[in-house]
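What follows is a short report on a single structure.
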Amino acid sequence: MHSLWLIARYEYRRIAGHRSFVISTLALPVLIVGLMALIVIVEEGAGGNRTPIGYVDESGLLAPASPQEDDADEIPVLRFSDLAVGQEAVRAGQVQALFVVPKDYLTQPTVDLFVFEEDASDRVWRRWNAYLRQALLSGYPEEVRDRVTGDVDVLLRDASGRKEIDEGNIVGILVPMVSAILFMVTAMMSSGYLLQAVVSEKENRTMEVMVTSVTPGRLIAGKTVGLMAVALTQMAIWAITLAAALTVAARVSEDLPLIAIPWGTLGLSMLYFLPSFALLAGVMVAIGGVVDEARHAQSLSGPLTLPFILPFTLIPVVLGNPNGLFVTIMTMFPTTSFLTIAVRSAFGVVPVWQMVVAWVLLVASAGASVWLAGKVFRLGMLLYGQRLSFRDVAASLRGEQRSRAEAVR
């Protein structure tokens, strides 16, 4: 067991310390931070001008007294007696925009806008719309004003009626979908070094020295553990950056609720992620044990990754009939179970028995893939320099099982 952890630590340091891995891992956080900085600049720049806005009421609909302002950060609103005075205030820079409510506003609900240099920002329009709504409702009872100006609570239910989605648990949708996306990106980015986990050492013939001190099965298991630790490190950096970015965005933007992390959903995602990646690593390492050149391994990375990311390309099918036979099969099938369950759990409820059966099959397949990778690697070492086919691998495994059965007799 000590040798397994030594191999895992070596594999982790070898890949995590590589320049290409560091660049590819930090590229996404840098992009996220850049986008968040741009959002903050736009919010504080284009919408941060607190110069008052003005209006002229030609319709006579608005109350002479302005509605009570309840937010010190809101843009002040000034009322002008006629259009000429208001336009002069715009030219003098006393107001950044002048809104004119025409006489026929009730039949033609449009307003005229006068600005001097720059067009009105989104924040100016939001402030004016809120002010106009309050002014038009000033003569109505308080409960009517609250009903019109209050936020609308939208509640969605899935087709079965067992899951409700509202603004408060929107993160319950984001966590499974984000975990699925991160797994998909990690699978595509890591498929290359998963395949080369043994190919490079086979090419420089250092593998022959390693197998003299450790069994092939333990060698492959150690490499798989190290590669899983690399993937978890990458996903942890991305997840922490994304969570921090969403938290900052929620505090900057009024349209986003504060983030509350659903630890149960996050734990469920990790419960399926680990064996899914172990299955992917076992398959990739097994193929790497068959080929002798890195260029051959690279050409196989795309087709081998496709079965793991297939459900993400079939999201309309999954959402269209989440309890259909085809979706149920994808839920049970090891290579597609994680992403299928992630998509289904984001927008609906997955039956517990399907999740349990899918997890058991996934764990069993992950263990079998690592075991098979060790056998394939051992066969590749014995027949080094010869091109192996899947038929050779299957024949070798059957022959090994037959030899064991005869030895027992």
Side-chain angles (χ1 to χ4, degrees), residues 153-191 228 231-232 235-236 238-239 242-243 246 257 259-281 283 304-369:
D153 296 329
V154 179
L155 181 63
L156 301 177
R157 291 186 176 91
D158 68 327
S160 64
R162 291 182 296 172
K163 183 170 184 176
E164 296 182 348
I165 303 172
D166 57 19
E167 190 174 306
N169 67 357
I170 191 67
V171 183
I173 298 177
L174 292 178
V175 169
M177 295 302 295
V178 169
S179 63
I181 293 174
L182 291 180
F183 173 79
M184 184 175 63
V185 174
T186 303
M188 291 187 297
M189 294 184 62
S190 61
S191 59
M228 289 181 61
L232 287 175
M235 282 195 64
W238 293 345
L242 184 60
L246 290 175
I259 302 300
I261 301 176
W263 294 107
T265 306
L266 187 61
L268 182 64
S269 299
M270 293 304 300
L271 190 66
Y272 284 87
F273 167 81
L274 292 176
S276 296
F277 192 85
L279 175 60
L280 174 65
V283 172
L304 291 175
T305 308
L306 183 60
F308 290 86
I309 65 176
L310 181 62
F312 209 79
T313 63
L314 299 176
I315 287 182
V317 177
V318 176
L319 298 182
N321 189 10
N323 297 316
L325 178 61
F326 179 70
V327 177
T328 303
I329 292 175
M330 287 203 305
T331 302
M332 301 297 179
F333 197 70
T335 61
T336 58
S337 60
F338 175 42
L339 292 190
T340 305
I341 290 176
V343 174
R344 291 181 64 185
S345 62
F347 299 97
V349 177
V350 184
V352 176
W353 71 268
Q354 292 186 16
M355 298 181 66
V356 173
V357 173
W359 187 81
V360 171
L361 293 176
L362 181 59
V363 172
S365 300
S369 68

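The minimum heavy-atom distance linking P311 with P307 is given by the pair CD-O, 4.2 Å. Pairing each heavy atom of A358 with each of S337, the nearest pair is CB-CB, 4.3 Å. Across every non-hydrogen atom of A366 and L279, the tightest pair is CB-N, 3.9 Å. Summarising the geometry of I309 relative to L339, their closest heavy-atom pair is CA-CD1, 3.6 Å, with the distance given to 0.1 Å. Nearest heavy atom pair, residue S276 against residue F308, reads O-CE2, 3.9 Å.
The OG1 atom of T336 sits 11.5 Å away from atom CG of L306, with the distance rounded to the nearest 0.5 Å. In this structure, OG1 in T340 is found 8.5 Å from CG in L314, a value given to the nearest 0.5 Å.
Judged by distance alone, with hydrogens and angles left aside, the side-chain atoms of Y272 form a donor-acceptor pair with the main-chain N or O of M355 at under 3.5 Å.
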Could you go through residues 326-334 and list every donor-acceptor pair under 3.5 Å that involves a side-chain atom there, pairing it with any protein atom two or more places apart or in another chain?
unit_1 : atom_1 : unit_2 : atom_2 : d
T328   : OG1    : G324   : O      : 2.7
T331   : OG1    : V327   : O      : 2.8
T331   : OG1    : R344   : NH1    : 2.9

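Counting only heavy atoms from C-beta outward, the side chains of Q354 and I341 never approach each other to under 4.5 Å.
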